[in-house]
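Naming: A, B, ... by sequence-line order, numbering from 1 per chain.
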Amino acid sequence: MPAARPPSLVSLKRRAEFLRVRGGSRCATASFVLEAKPRAQQDVSVAVREARFGFTVTKRLGKAVDRNRIKRRLRAAVRNVQMKHARPGFDYVIVARSPALDTAYATLLGDLEKALERVHEAPRERRGAKGTTR
RNA sequence: CUAGCUGGCCGGACGGCCGCUGCCGGGCGAACAGGCUUUGCGGCCACAAGCGCCCGGUGGAGGAAAGUCCGGGCUCCAGGGAUCGACGGUGGCGGCUAACGGCCGCCGGAGGCGACUCCAGGGAAAGUGCCACAGAGAACAGACCGCCUGAGCGGGGCAACCUGCAAGGGUAAGGGUGAAACGGUGCGGUAAGAGCGCACCGCGCGACCGGCAACGGAAGCGGCACGGCAAACCCCACCGGGAGCAAGACCAAAUAGGGGCGGCGCGGAUGGCUUGGGCAACCUCGUCAUCCAGGCAUGAUCCAGGCCGCCGCCCGGGUUGGUUGCUCGAGGCGCGGAGCGAUCCGCGUCCCAGAUGAAUGGCCGUCGCGGAGGGAAACCUCCAGACAGAACCCGGCUUACAGGCCAGCUGGCAAA
């Protein structure tokens with residue numbers, strides 16, 4: 001029975017953690033960009049084994065009320081899909097785009113599922129392409 | 001009924017599934033510590049607080065949370081005194097308040113038929129400055145056209161006189177310019193005019209009266225001047241240390257360039273003598289003389305002071321993470337009383353967000369409200385639902401805002 005409940009959401013907290021995930025693989029949709037990267041061995045503490053998520057909502061997207069709402073919708077969406085599609089030991093960063101405020105919640109969920117799959121499919125070549133630019 | 005004015009208030013409601021967070025209660029678990037027992041490993045017992053998980057209960061964004069424009073509380077830093085100056089702010093009077101640049105009441109001015117609204121509303125006879133363009137003249141004013149007078153030179157006439165030109169003088173009533181031209185109207189007066197004189201109006205001064213005051217009224221006096229701008233400098237009165245919860249305090253980790261206390265010494269340069277070392281240049285110990293006396297801490301000055309080097313001991317800074325500050329407060333609500341009111345007093349009652357990559361929600365349904373369309377109606381369909389998210393806390397101001405409610409008052413219409 002405890003498996004049926006979605007696990008509580010573990011979020012990224014420090015700026016350094018956000019910057020590290022930028023080097024990982026990415027997938028863009030209409031309302032957000034998803035970035036993912038497996039945690040290095042020394043970062044995996046015993047307590048935190050689950051997938052962790054971070055949200056980036058820049059000031060360009062609107063005033064504080066709109067930004068808060070975008071963040072809450074994305075967080076609710078992640079809570080619904082992370083059981084099936086997120087992998088433990090991974091860090092994810094979701095960079096919001098302006099349609100995230102208005103698009104139907106169902107399409108938001110569908111986009112998130114697709115993006116999570118694609119991010120896990122082909123991490124290799126994207127990683128290499130990104131690595132040269134850094 | 002309608003048009004308006006003022007003040008106050010609200011800022012969708014209910015339900016379902018799934019979440020976040022503070023507090024309270026309960027349960028479970030692990031570690032440490034405690035007691036008993038055992039030679040020991042270990043076993044048993046008990047619960048205060050903390051930690052993790054679970055269950056239940058309960059609280060969880062705003063009237064502006066916003067802009068960060070004022071005023072405070074709180075915290076740290078600086079702060080010896082006096083005087084002067086600088087800078088910033090405020091600006092009718094009285095009151096309220098912890099305080100304010102806020103609020104209330106009153107006064108003055110402007111607007112409105114009215115309810116009522118608006119006003120940085122001290123000083124322009126302390127000084128400096130500006131008042132463009134137009135206009136002749138614009139701040140100790142000014143004769144362009146006019147009007148009046150007119151030396152003199154002409155023309156006509158016997159003469160009285162008529163008439164043309166005209167230097168100069170008088171004149172601010174008329175024209176013209178302008179935002180503004182030494183007050184307006186009338187009568188008298190005059191060569192023409194003019195406060196030159198008079199009446200009324202306006203203006204200035206104003207004994208005295210009323211008011212705590214701002215101010216109001218006003219006998220009488222003055223023939224009329226003293227223009228505007230102080231949101232130009234300025235003058236006057238009053239107020240004002242600085243920085244802000246990333247304040248500040250504590251804990252842990254890893255690394256070195258600060259502080260306190262005690263003792264000793266009392267800056268530098270040059271020269272003389274001197275101790276010790278060196279072949280010597282020179283280095284070194286001490287002392288005397290002369291000269292300069294330095295830097296730091298509010299802007300200046302004055303008075304009174306402090307610190308600077310070496311040794312020993314003790315303690316801590318900056319960074320990252322965590323804890324705290326952190327929400328009970330100039331607090332909300334109700335009743336009663338004082339006051340025109342802002343507000344104050346008394347009693348009762350309530351505890352009402354505390355997050356920190358930052359919670360206070362996500363999705364869905366029903367109803368209600370507003371607009372448009374359809375329909376005879378019940379009703380149906382579509383659209384809209386604002387401004388906006390606490391970050392230490394209060395008191396204000398300002399700005400944004402779909403829609404709606406209540407009370408009082410004013411004008412008009414109708415009825416009684």
When the [atom1] atoms of [M] and [N] are compared, how many Å lie between them, rounded to an integer?
N      : M      : atom1 : value
B/C226 : B/G217 : C1'   : 25 Å
B/C1   : B/G371 : C1'   : 26 Å
B/C198 : B/C93  : C1'   : 44 Å
B/G89  : B/G101 : P     : 14 Å
B/A416 : B/A407 : C1'   : 26 Å
B/C5   : B/A115 : C1'   : 6 Å
B/C347 : B/G341 : P     : 23 Å
B/G389 : B/C53  : C1'   : 32 Å

For a quick test of reading the model, state the closest non-hydrogen atom pair linking A/F32 to A/I94 and the distance between them. CB-CG2, 3.8 Å

Shortest non-hydrogen contact from A/A30 toward A/P99: O-CG, 3.5 Å

Would you mind listing every side-chain hydrogen bond (donor to acceptor under 3.5 Å, both in side chains) that reaches into residues 88-105 of chain A, with sequence neighbours excluded? A/R20-A/D91, A/R39-A/D91, A/R52-A/D91, A/N80-A/Y105, A/Y92-A/H120

Using purine N1 to pyrimidine N3 plus N6-O4 or O6-N4 for Watson-Crick, or N1-O2 and O6-N3 for G-U wobble, both under 3.5 Å, which nucleotide pairs with [N]?
N      : value
B/A151 : none
B/G267 : B/C292
B/A199 : B/U185
B/A372 : B/U381
B/G325 : none
B/G227 : B/C131
B/G102 : B/C96
B/U287 : B/G272

Classify the glycosidic conformation of [N] as syn or anti, calling it syn when the angle lies within 90° of 0.
N      : answer
B/G135 : anti
B/A66  : anti
B/C307 : anti

Interface residues of residues 58-73 of chain A with RNA chain B (non-hydrogen, below 4.0 angstrom): A/K63, A/A64, A/V65, A/N68, A/R69, A/R72, A/R73

Compare all side-chain heavy atoms of [X] with those of [Y] and state whether any distance is below 4.5 angstrom.
X     : Y      : answer
A/L34 : A/L116 : yes
A/T56 : A/V93  : yes
A/F90 : A/V119 : no

Between [atom2] on [N] and [atom1] on [X], what's the gap in Å once rounded to a whole number?
X      : N      : atom1 : atom2 : answer
A/F55  : B/C20  : CZ    : P     : 14 Å
A/L74  : B/A358 : CG    : P     : 13 Å
A/D102 : B/G362 : CG    : P     : 13 Å
A/E35  : B/G357 : CD    : C1'   : 15 Å
A/F53  : B/G19  : CZ    : P     : 17 Å
A/N80  : B/G19  : CG    : P     : 10 Å

What is the distance from atom CD of A/E117 to atom CG of A/L112, rounded to the nearest 0.5 Å? 10.5 Å

Rounded at 0.5 Å granularity, tell me how far CG in A/L61 sits from CZ in A/R69. 14.0 Å

Polar side-chain atom of A/R73 near backbone of A/A100 as donor-acceptor pair, under 3.5 Å: yes

Taking for each residue the nucleotide of RNA chain B bearing the nearest heavy atom, is the 5' side occupied by A/G54 or by A/A76? A/G54

With the criterion set at under 5.5 Å between ring centres and under 30 degrees between planes, would B/G362 be stacked on A/Y105? no

